[in-house]
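The structure appears right after this line, and notes come after that.
Letters A, B, ... are given to chains in the order of the sequence lines, protein chains preceding strands, and every chain is numbered from 1.
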2 protein chains.
Amino acid sequence: MERKTAKECTADQQLPALGIRPYLELMDKTAADHADRKSIRMGLVMLWLSDNILDVMDVDLAPFGITESKLDMLLLLMLHEGRELITPSGIADRLGIRRASVTALLDWLEKRGWVSREQSAKDRRMIHVNITPEGRALVDQVLPTFWSTCASLLGDLDAEERGVFEKILGKLHRSIETRIGVGR
Amino acid sequence: MERKTAKECTADQQLPALGIRPYLELMDKTAADHADRKSIRMGLVMLWLSDNILDVMDVDLAPFGITESKLDMLLLLMLHEGRELITPSGIADRLGIRRASVTALLDWLEKRGWVSREQSAKDRRMIHVNITPEGRALVDQVLPTFWSTCASLLGDLDAEERGVFEKILGKLHRSIETRIGVGR
DNA sequence: AGTCATAGTTAGATAATCTAATTATTATTG
DNA sequence: CAATAATAATTAGATTATCTAACTATGACT
């Protein structure tokens, strides 16, 4: 990021990708037998959107030097401030990742002073994780962008569309939730 | 995957993740000033959905020993069969990734015999990439699942909802397309 | 006291990316 | 036409986010 060696980098310029049209075309060729092409077509768009929505969020968070996974962890810790103490295992369960992955994320966040670990007095196997004041400051700085990026995902849907879309989102949410089995 | 050492693996069972509710709650606390909480709330759901839609596809493709990125590459090659010859640079442009990443993906696919590389006669810097008959066979085997997973993403939306959602998807698609600048 | 279970970590792997540098090869141009 | 530029692919090395298995304490149960 800081080095800029002599030869000025043999630009591999980041061209915009092709989009979904070709896949729709392939669909028309190969899914001929399939009953509802319309659903497939819409699913393809959803898949494409999913990829790009995550990208957009990544790009918007990048200037803060944080990624979504890490922000998620900080947000979770922030939510738990003042409630029950939270441990790596608890974090793993709530984020749906393994304890080993939590260890890695915490190491990274701790190195930057955004979280702290403290051994439990009662059960010395356990660790209590806390967000630090610096961590909180970072979150405060990031959140406005985070929310506005969220809001921007709706694009230019008008009021009426938003209303319908809200309901649809609810349905999609529940359907995927059952599909992957979210608890609580 | 095959080893099952004595101690039967200290289960870190994969618990279902917490879902978005806590984030909605956090939003209510911290985005108080923000004009349209509703949009933010919907954006959060979209973000959550995006993550999980990609997961669902991953899970459904896993049994075929292939991931979405790799399938994408095979589909692209299949689409180009019989048209212009395609090179790693071309693939990189169309998939929106770097040439170095294409090299890595091609290595992986070539090792399994699903694509082949052939040096161009005209310009010996260039390589022509082709999907092999085995690669095509794999794609043929995977596609039905791929399409049905796409279709399944719509969940149980009824006919009317599908109609409206189709329009909304179109708008969202275009809005993100301009945001990230898709070419062609 | 001995066995078992739990919490966290470590070790080592994989996937999908990236940037920078390197190697060929072709194109341009004084 | 010889030197310099540009282009195509690759390599080298890194990062992020995961995973599984194994290991180390520590606590609990019999």
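Taking 3.5 Å as the limit, the base of C/dG8 and the side chain of A/Arg125 contain no donor-acceptor pair of atoms between them.
Contact annotation: A/Thr103 reaches the phosphate of C/dT9 (side-chain N/O to OP1 or OP2, under 4.0 Å). For B/Arg98 and C/dT19, the shortest distance from a side-chain N or O to OP1 or OP2 is below 4.0 Å. OP1 or OP2 of C/dA15 has not a single side-chain nitrogen or oxygen of B/Ser69 nearer than 4.0 Å. OP1 and OP2 of C/dT6 both lie 4.0 Å or more from every side-chain N or O belonging to A/Ser89.
Rounded to whole Å, atom P of D/dA17 lies 16 Å from atom CG of B/Asp58. Per the geometry, CZ belonging to B/Arg99 stands 13 Å off C1' belonging to C/dA24, to the nearest Å. To the nearest angstrom, P of D/dT10 lies 10 Å from CD1 of B/Ile91. In this entry the distance linking CG of B/Leu71 with P of C/dA16 reads 11 Å, nearest Å. Taking atom CG of B/Asp72 as the reference point, atom C1' of C/dA16 lies 12 Å away to the nearest angstrom. Note: CH2 (A/Trp108) to P (D/dT18) measures 13 Å, nearest angstrom. As rounded to whole Å, 16 Å separates atom P of C/dA15 from atom CG of B/Asp55. When the P atom of C/dT17 is taken as reference, atom CE of B/Met73 falls 10 Å away, rounded to whole Å.
Minimum atom distance to the side chain of A/Ala100 is reached by C/dA11, of the listed D/dA8, C/dC18, C/dA11. For B/Ile97, the listed nucleotide lying nearest its side chain is C/dC18; candidates were D/dT11, C/dA15, C/dC18. Nearest nucleotide to the side chain of B/Lys70, out of C/dA16, D/dC19, C/dC18: C/dA16. With C/dT17, D/dA9, C/dT9 as the choices, the nucleotide that has an atom nearest any side-chain atom of A/Pro88 turns out to be C/dT9.
Shown for residues 112-124 of chain B: residues whose heavy atoms fall under 4.0 angstrom of DNA chain D, namely B/Arg117.
Classification of the A/Trp48-B/His173 ring pair by plane angle, with boundaries at 30° and 60°, yields perpendicular.
Across all strands shown, D/dA5 forms no Watson-Crick or G-U wobble pair with both distances under 3.5 Å. A 3.5 Å limit on both hydrogen-bonding distances identifies C/dA11 as the Watson-Crick or G-U partner of D/dT20.
With the nearest nucleotide of DNA chain D identified for both A/Leu105 and B/Met126, B/Met126 has the one nearer the 5' end. The residue among B/Val102 and A/Ala104 whose nearest nucleotide of DNA chain D is located toward the 5' end is B/Val102.
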List the steps, then state whether salt bridge (Lys or Arg N to Asp or Glu O under 4.0 Å) holds for A/Asp60 with B/Arg179. CA-CA 12 Å; A/Asp60 287 0; B/Arg179 172 128 200 226; 2.9 Å; yes
Go through it in stages, so that I can follow the logic: the residues are A/Leu85 and A/Glu118, the test is side chain to side chain contact (heavy atoms under 4.5 Å, CB included), and I'd like the CA-CA distance, side-chain angles, deciding distance and then a yes or no. CA-CA 11 Å; A/Leu85 298 170; A/Glu118 178 195 353; over 6 Å; no
Between B/Leu54 and A/Leu47, does a side chain to side chain contact (heavy atoms under 4.5 Å, CB included) hold up when you go through it step by step? CA-CA 7 Å; B/Leu54 296 178; A/Leu47 207 57; 4.1 Å; yes
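Comparing the same atom, C1', in D/dC1 and in D/dA5 gives a spacing of 16 Å after rounding to whole Å.
Taking syn as a glycosidic angle within 90° of 0, D/dA5 qualifies as syn.
Residue contacts for A/Ser101: at a heavy-atom cut-off of 4.0 Å it reaches a base atom on one of the strands shown.
Residues B/His128 and B/Thr87 form a side-chain contact, since some pair of their non-hydrogen atoms from C-beta on lies under 4.5 Å apart. Side-chain contact check for A/Met46 versus A/Leu172: some heavy-atom pair is nearer than 4.5 Å. Using a 4.5 Å cut-off on side-chain heavy atoms (C-beta onward), A/Lys70 and A/Val115 make no contact.
By the rule that hydrophobic residues join a cluster once side-chain heavy atoms approach within less than 4.5 Å of another member, A/Leu76 and A/Met126 end up as members of separate clusters.
Heavy-atom contacts from other residues, nucleotides or ligands closer than 6.0 Å to CD of B/Glu160 number 12 or fewer.
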